[in-house]
Amino acid sequence: MKPVILSTKFFLLLATTLMLLSFKCGSASTNIAKAAAFNLITEKQFNALFPQRDPFYTYASFIKAIKDLAQIKVKITRRAVSVYQFIRTDKATGKSTIVRQDVDWNEAWAKVKPDSTYTVDYGAFCTESDLLSNKKELAAFFANVAHETRHGMNGSYTDGLMLRHEDNTSLDYFGDSDEYPPVKGKKYYGRGPMQLSYNGNYGYASDCIFGDHKILLNNPDLLTTDPVIAFKAAIYFWMTPQTHKPSAHDVIIGKWKLNAADKAAGRVNGFGMVTDIINGAVECGQGENPNMLDRIGFYQHFLKQLGASDPNCVCSCGRMKAF
């Protein structure tokens with residue numbers, strides 16, 4: 001009987017071990033899938049989508065930017081209209097840090113105003129929905145970075161990621177900002193895949209990406225000298241809501257709940273509203289125009305190349321009021 005008793009214990013132990021391992025492996029697999037936007041596109045596909053790209057923009061730098069930012073989430077709380085607190089969490093260490101708290105945060109008048117709080121999880125980039133929806137988001141993201149950086153023949157859709165910065169570098173792009181004042185001698189013209197502009201956007205991006213607003217304010221040229229940072233800034237812009245705008249991410253996957261103001265302005269979740277977020281003042285609410293149509297052309301081209309589709313696409317923002 002003794003061998004039988006030992007065997008029973010052995011099999012019970014083995015079963016328990018396998019069960020625990022299955023839970024651990026399952027959890028790991030889920031986490032890997034959740035953070036694997038890079039599984040949507042191979043290096044060969046990336047190179048084919050951007051055949052004329054500047055060598056600065058590599059597949060490896062894009063993937064590293066995704067992986068690095070996937071470890072960051074930022075809890076944003078707003079009081080009144082524009083009094084903010086940012087709590088940035090490094091998911092790898094679990095450490096949370098207040099990286100921004102405006103000087104009026106604890107003022108009595110601000111405290112009585114209702115707070116609005118949301119969390120931006122950068123690991124949700126092209127991972128939050130089903131496979132086809134995630135590919136649709138990637139196509140929309142690529143369409144906009146391609147349009148912002150193109151420098152070639154109209155309608156070829158091969159000339160994305162050719163520019164590191166906008167052509168006119170004489171403009172300062174200074175905006176009033178107590179939290180992110182411009183640094184003397186620096187200019188904040190459009191740089192990187194999403195052509196990040198203005199000191200306020202550079203400081204905001206730097207808080208979220210690095211936990212330190214001074215990094216990009218002091219050295220905005222990092223977006224033209226470090227391709228990983230350049231792609232991180234583009235993903236930041238895509239994922240992060242603005243004071244009066246939802247994120248492009250939430251809109252393209254249909255997560256954004258349209259409010260009364262959106263409906264009155266003719267807005268609908270979809271590619272057209274993404275254009276409204278990125279450059280609505282120039283391209284939306286004025287019928288069909290070449291820039292908007294170029295974004296749509298890139299989107300439809302990339303959808304096809306990635307094996308995705310958007311049959312119910314509200315692609316135009318021609319009748320949407322600009323934000």
Side-chain angles (χ1 to χ4, degrees), residues 31 34-37 62 64-106 110 113-129 137 141 175 177-181 188 192-194 196-220 222-223 226 228-253 255-257 274 277-278 323:
N31 291 335
K34 187 69 175 175
F62 177 57
K64 182 167 174 51
I66 293 172
K67 289 181 176 180
D68 288 354
L69 269 188
Q71 298 300 321
I72 302 301
K73 64 180 179 180
V74 180
K75 180 182 178 182
I76 299 171
T77 302
R78 186 178 75 188
R79 290 180 176 173
V81 176
S82 57
V83 181
Y84 283 94
Q85 181 194 70
F86 296 175
I87 299 176
R88 181 181 182 274
T89 300
D90 184 331
K91 290 186 281 183
T93 64
K95 182 180 179 180
S96 295
T97 307
I98 296 176
V99 296
R100 172 178 171 180
Q101 185 166 292
D102 295 353
V103 293
D104 293 333
W105 179 256
N106 288 315
K113 301 291 184 179
D115 290 355
S116 61
T117 299
Y118 50 90
T119 297
V120 182
D121 185 341
Y122 293 100
F125 176 69
C126 296
T127 67
E128 194 166 358
S129 194
E137 181 182 2
F141 174 80
S177 177
D178 293 332
E179 292 73 32
Y180 306 126
Y188 302 97
M194 201 63 82
L196 195 70
S197 308
Y198 287 97
N199 50 293
N201 285 326
Y202 276 82
Y204 199 137
S206 196
D207 263 341
C208 294
I209 295 170
F210 301 107
D212 182 352
H213 66 276
K214 293 181 180 179
I215 291 178
L216 291 183
L217 282 175
N218 289 344
N219 193 357
L222 282 172
L223 270 67
D226 188 320
V228 176
I229 294 175
F231 276 120
K232 284 182 180 180
I235 295 169
Y236 144 83
F237 188 85
W238 185 262
M239 297 294 298
T240 309
Q242 300 171 47
T243 301
H244 301 294
K245 301 179 185 180
S247 70
H249 166 78
D250 284 352
V251 165
I252 199 66
I253 67 171
K255 185 178 179 180
W256 172 250
K257 304 300 181 185
V274 169
I277 291 168
I278 293 172
F323 278 102

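Hydrogens, waters and symmetry mates play no part in the numbers below; they use all other heavy atoms, side chains included. Everything quoted here is computed from the prediction, not taken from an experiment.
When every heavy atom of H244 is checked against every heavy atom of F323, the shortest pair comes out as O-CD2, 3.5 Å. Here the closest heavy-atom approach between residue A234 and residue P193 is recorded as CB-CB, 3.9 Å. In this structure, L217 and P220 approach most closely via the heavy-atom pair O-CD, 3.7 Å. Residues L196 and A233 share a closest heavy-atom pair of CD2-CB, 4.4 Å.
A donor-acceptor pair is defined here as one N or O able to donate and one able to accept, closer than 3.5 Å; such a pair exists between the side chain of R78 and the backbone of T243. Under a 3.5 Å cut-off, the side chain of R88 and the backbone N or O of I72 do not form any donor-acceptor pair. D226 contributes no side-chain N or O that, together with a main-chain N or O of L222, makes up a donor-acceptor pair within less than 3.5 Å. For D90 (side chain) and K95 (main-chain N/O), no donor-acceptor pair under 3.5 Å exists by modelled atom type. Between the side chain of E137 and the main chain of C126, a donor-acceptor pair closer than 3.5 Å is present. Judged purely by atom type and a 3.5 angstrom limit, K75 has no side-chain atom pairing as donor or acceptor with the backbone of I87. Under the 3.5 Å distance criterion, the side-chain polar atoms of T117 are left unmatched by any main-chain donor or acceptor of T77.
The closest side-chain heavy-atom distance from R79 to N106 is below 4.5 Å. Within the 4.5 Å cutoff, side-chain heavy atoms of I76 are placed close to those of V120. Residues E128 and K255 meet the side-chain proximity criterion, which asks for heavy atoms closer than 4.5 Å. At least one side-chain heavy atom of V274 sits under 4.5 Å from a side-chain heavy atom of W238. Counting heavy atoms from C-beta on, the side chains of F237 and C208 never come closer than 4.5 Å. At least one side-chain heavy atom of L223 sits less than 4.5 Å from a side-chain heavy atom of I229. Side-chain contact between I277 and V251 is present, with at least one heavy-atom pair separated by less than 4.5 Å. Residues I235 and F141 are in side-chain contact: their nearest non-hydrogen atoms beyond the backbone lie under 4.5 Å apart.
A tilted orientation is assigned to the rings of Y236 and Y122, their planes being inclined by 30° to 60°.
Separating the CZ atom in F86 from the NE2 atom in H213 is a distance of 11.5 Å, to the nearest 0.5 Å. Here the straight-line distance linking atom CD of Q71 with atom OG1 of T89 works out to 12.0 Å at 0.5 Å rounding. Taking CG of N199 as the start and CG of L216 as the end, the distance is 12.0 Å to the nearest 0.5 Å. Here the CG-NZ distance, from N219 to K214, works out to 14.5 Å after rounding to the nearest 0.5 Å. Atom OG of residue S82 and atom CG of residue D102 lie 7.5 Å apart, to the nearest 0.5 angstrom.
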### Task
Go through the steps for H249 and W256 under the test side chain to side chain contact (heavy atoms under 4.5 Å, CB included), then give the verdict.
CA-CA 9 Å; H249 166 78; W256 172 250; over 6 Å; no

### Task
For K91 and D121, run salt bridge (Lys or Arg N to Asp or Glu O under 4.0 Å): C-alpha distance rounded to whole Å, both residues' side-chain angles, the deciding distance at 0.1 Å, then the answer.
CA-CA 10 Å; K91 290 186 281 183; D121 185 341; 2.7 Å; yes

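Put simply, the residue from Y204, Y198, Y202 that forms a ring-ring contact (aromatic ring centres under 6.0 Å, His included) with Y188 is Y202.
Shown here is K64, whose NZ atom has no more than 12 heavy atoms of other residues, nucleotides or ligands within 6.0 Å.
Using modelled atom types, one finds no donor on one side chain facing an acceptor on the other under 3.5 Å when comparing S247 with T240.
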